[in-house]
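Only one structure is covered here, and it is reproduced in the block below.
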2 protein chains.
Amino acid sequence: MRVSKEKAAENRERILKAAARLIRERGISGAGVDALTEAAGMTHGSLYSQFGSKERLAEEALGHALVASGKTTAGAATLDQYISGYLSPEHRDQVGQGCPVAALACEIPRQSTGVRETFTAGLRGMLRQLTGRMGAGLKQRQREEKALATLASLVGALVLARAVNDSELSDAILRATKKRLDT
Amino acid sequence: MRVSKEKAAENRERILKAAARLIRERGISGAGVDALTEAAGMTHGSLYSQFGSKERLAEEALGHALVASGKTTAGAATLDQYISGYLSPEHRDQVGQGCPVAALACEIPRQSTGVRETFTAGLRGMLRQLTGRMGAGLKQRQREEKALATLASLVGALVLARAVNDSELSDAILRATKKRLDT
DNA sequence: ATTATCTATAGATCTATAGATAATGC
DNA sequence: ATTATCTATAGATCTATAGATAATGC
């Protein structure tokens, strides 16, 4: 049956929000059309009238997740706060609401051009936030360079801390990386 | 039909070698039983007589890839050589023969216990190699700590360099991380 | 007799489409 | 009349198993 324009827009948002979480938890290829729509309380058919394909939903859902994640990190007043939050055990343990870059990076090379572009734009957004928090004594070039290296450290540490099967090692990865970034 | 013991062992090795490459290129969940056995010139049925399940093959193939990768990096005489090789464009562009940790880390949290244990053991192996190449002036604790932070940097940089859709940005990630690790 | 491999197939799941339905919005 | 959603289903692909085959290795 048909629903009102507002209701349809609301449904669209609900699928997007659920998808933004599910793709981080299960991966883009691991989150099926059924699971994505069911999590929003709808049947899989509605995905195709709203987004046309799973690929396009994935692209929008990734964008949604990147924006949400960016709003969270924007709250960090200093570089130290940014780093501490990113490398916290809480962030590690909440994949579905955490940084989409860390959650999805490994499978991005196999995704559509649209998804890869959205991902790259999101990564540039993170770099901008980091660059803006780098020491004022540095030139712009140096701040950008530091931001690149810092982002790689952050993402690598989070990804590894989530992957290992030993909580002590996982904590040690986060701690050592934080310490290294403090210098 | 039946084959000789030696031939069977050889077939097993061939599947493992092909799988070690395929899981890095397509991900563990992305590499299907058909593709895995076909790449070794066999039908999918043989996988089940050799390994019992895809999960067990994945575990052994990951181990295989970790050993092969460890042999390559063992050739690096110094920390600087290790880092330069890891962050080289060649390594970035050869996922199927590169570091399995960087290729698979994001999906490891969703894998079986066996796969996660193999992954963690492989990561410890990398840490041992790195620790052994850390400055002699440091205490063992400090060397281990530096190795943890260095590994996170290396893996994060490679994963991001592969994911972004812009070759200049990709190169910049590798360069900035190398520079940061040189200090 | 044992067993590595192949063939055929089961049963689940995946993405996608066609057509029906029913309420909206002109 | 338009259209968001649902239902049913197509067609592909996934992991796994059963049974046949045929050569090994006792």
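Naming convention: chains lettered A, B, ... in sequence-line order (proteins, then strands); numbering from 1 in each chain.
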Grab the CG-C1' distance between B:D34 and D:dA12 for me, whole Å please. 12 Å
Hydrophobic cluster membership, with links at side-chain heavy-atom distances under 4.5 Å among I/L/V/M/F/W/Y: are A:L36 and A:V95 in one? no
Can you check the A:E10 CD to D:dA4 P distance for me, whole Å? 15 Å
Ranking C:dT24, C:dA4, D:dT5 by distance to the side chain of B:V3, first place goes to C:dA4
Spacing of A:K54 atom NZ relative to C:dT13 atom C1', expressed in whole Å: 12 Å
Of the listed nucleotides (D:dT15, C:dG25, C:dT15), which one gets closest to any side-chain atom of A:E6? C:dG25
Are A:I173 and B:L66 joined in one hydrophobic group, where the rule is that I, L, V, M, F, W and Y side chains link up if heavy atoms are under 4.5 Å apart? yes
A:L123 reachable from A:L104 in the ILVMFWY side-chain graph, under 4.5 Å edges: yes
Separation of D:dT15 atom P from B:L47 atom CG, nearest Å, is 9 Å
Under the salt bridge (Lys or Arg N to Asp or Glu O under 4.0 Å) criterion, do A:E10 and A:K7 qualify, and how do the steps go? CA-CA 5 Å; A:E10 189 192 308; A:K7 185 69 184 165; 3.6 Å; yes
What is the distance, to the nearest angstrom, from the CG atom on B:L36 to the P atom on D:dT13? 15 Å
Is there a path from B:F119 to A:L158 through hydrophobic residues (I, L, V, M, F, W, Y) whose side chains come within less than 4.5 Å of each other? no
So do A:Y82 and A:T150 actually touch side chain to side chain, heavy atoms under 4.5 Å? no
Would you say A:T43 reaches D:dC6's phosphate, i.e. side-chain N/O to OP1/OP2 under 4.0 Å? yes
To the nearest Å, how far apart are B:E13 CD and C:dA4 C1'? 16 Å
Write down the protein N/O and nucleotide N/O pairs, taken from nucleotides 8-11 of chain C, whose separation is under 3.5 Å; answer none if there are no such pairs.
unit_1, atom_1, unit_2, atom_2, d
C:dA8, N6, B:H44, NE2, 3.1

Against the side chain of B:M42, the closest entry in C:dT5, C:dT15, D:dA4 is C:dT5
Starting at the 5' end of DNA chain C, write a dot or bracket for each base, bracketing those in Watson-Crick or G-U wobble pairs whose two distances are under 3.5 Å and using | for partners on another strand. ||||||||||||||||||||||||..
Between B:S4 and B:G52, which has a closest nucleotide on DNA chain D that is more 5'? B:G52
Please step through salt bridge (Lys or Arg N to Asp or Glu O under 4.0 Å) for the pair A:D80 and A:K178, ending with a clear verdict. CA-CA 9 Å; A:D80 188 66; A:K178 167 139 182 52; 3.2 Å; yes
Modelled atom types, side-chain donor and acceptor of B:R92 and B:S170, under 3.5 Å: yes
Rounded to whole angstrom units, what separation is found between the CD atom of B:E38 and the P atom of C:dT7? 12 Å
Taking only residues two or more places apart in sequence, or in another chain, which ones meet B:K146 in a salt bridge (charged side-chain N to carboxylate O under 4.0 Å, His left out)? none
Nearest-Å distance for atom pair CG/P, residues A:L57 and C:dC14: 14 Å
A:Q50 side-chain N/O to D:dT5 phosphate OP1/OP2 under 4.0 Å: yes
